[in-house]
Amino acid sequence: MKTSQSFPFYPSDFILGTMLMTSEEVGTYMRLLCFQWEQGAVPCDEVKIAKITGMPYKRMGDVLAKFCPTDHGLKNERLERVRSEREAYQKRQSEIG
């Protein structure tokens, strides 16, 4: 999936959304967000998710609750809204210039 190399990061939203997670869970969550940004979705396969994150799948319940199943894999809805906003902005900039 062709996408921007970066995505906006909202520290206050991130802190509020992860404040009940352990440090390990926060790192796992961030890795899954980055994977989704680059690949479009996180695979639904438990083994692949564990390889992406380096965390045993059995311990990811709170993290995976932040992702919804879709036809293409797991997706964090907030990140997809950010992607849509970013793509719309880039399109507008392209049309202007």
Side-chain angles (χ1 to χ4, degrees):
M1 166 174 274
K2 176 119 171 74
T3 191
S4 175
Q5 291 182 331
S6 62
F7 57 88
F9 182 75
Y10 303 95
S12 60
D13 293 345
F14 186 78
I15 291 297
L16 287 173
T18 61
M19 65 186 345
L20 298 178
M21 291 182 181
T22 66
S23 294
E24 184 179 38
E25 289 170 330
V26 171
T28 296
Y29 180 49
M30 193 59 160
R31 287 189 65 110
L32 290 174
L33 290 175
C34 291
F35 188 92
Q36 177 183 333
W37 186 260
E38 288 296 317
Q39 300 299 315
V42 174
C44 292
D45 182 274
E46 295 178 12
V47 173
K48 289 180 182 176
I49 291 174
K51 285 182 180 180
I52 292 165
T53 63
M55 183 176 183
Y57 186 84
K58 293 176 187 176
R59 296 197 342 236
M60 288 189 221
D62 290 340
V63 174
L64 292 176
K66 300 258 185 197
F67 294 82
C68 298
T70 70
D71 292 341
H72 304 289
L74 302 174
K75 292 187 177 186
N76 178 276
E77 291 177 352
R78 169 71 189 271
L79 187 61
E80 288 307 307
R81 281 195 309 273
V82 168
R83 183 190 309 276
S84 294
E85 291 166 3
R86 183 121 176 128
E87 288 172 352
Y89 173 80
Q90 288 173 332
K91 182 179 179 185
R92 285 191 309 272
Q93 293 300 339
S94 176
E95 291 170 354
I96 291 170

#### Entry: V47 reachable from V63 in the ILVMFWY side-chain graph, under 4.5 Å edges
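Different clusters: V63 never reaches V47 through Ile, Leu, Val, Met, Phe, Trp or Tyr contacts under 4.5 Å.
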### Task
Check the hydrophobic clustering (I, L, V, M, F, W, Y; side-chain heavy atoms under 4.5 Å; chains of links allowed) and say if M21 and I15 are grouped together.
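Cluster IDs for M21 and I15 differ.
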Hey, could you give me the [atom1]/[atom2] distance between [X] and [Y], rounded to the nearest 0.5 Å?
X	Y	atom1	atom2	result
L74	I49	CG	CD1	5.0 Å
E80	E87	CD	CD	8.5 Å
M60	T53	CE	OG1	3.0 Å
I52	C34	CD1	SG	11.5 Å

For the residue pair [X] and [Y], what are the closest heavy atoms and their distance?
X	Y	value
G73	C44	CA-SG, 3.8 Å
L32	F67	CB-CZ, 3.5 Å
K66	G17	NZ-O, 2.7 Å
K75	G40	CE-O, 3.0 Å

#### Entry: Whichever hydrophobic residues join M19 through chains of side-chain contacts under 4.5 Å
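Joined to M19, directly or through intermediates: L16, L20.
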### Task
Look only at the side chain of Q36 and the backbone of N76, and say whether a donor-acceptor pair between them is shorter than 3.5 Å.
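Answer holds: yes.
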### Short side-chain to backbone donor-acceptor contact, T28 and E24, under 3.5 Å
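Answer holds: yes.
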### Task
Could you please spell out the steps behind the side-chain contact (heavy atoms from CB on, under 4.5 Å) verdict for R59 and E25?
CA-CA 9 Å; R59 296 197 342 236; E25 289 170 330; over 6 Å; no
### Task
Go through the steps for K48 and F35 under the test side-chain contact (heavy atoms from CB on, under 4.5 Å), then give the verdict.
CA-CA 11 Å; K48 289 180 182 176; F35 188 92; over 6 Å; no
### Task
Under the side chain to side chain donor-acceptor pair (under 3.5 Å) rule, collect the residues that match up with Y89, sequence neighbours excluded.
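So Y89 forms a side chain to side chain donor-acceptor pair (under 3.5 Å) with Q93.
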### Message
Do V26 and F14 make a side-chain contact, defined as non-hydrogen atoms from C-beta onward lying under 4.5 Å apart?
### Response
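In contact.
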### Query
How would you list, by chain and number, every residue that makes a ring-ring contact (aromatic ring centres under 6.0 Å, His included) with F7, sequence neighbours excluded?
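Partners of F7 under the ring-ring contact (aromatic ring centres under 6.0 Å, His included) test: W37.
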#### Entry: Ion pair E95/R92, N-O distance below 4.0 Å
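Judged by the 4.0 Å cut-off on N to carboxylate O distance, E95 and R92 do not form a salt bridge.
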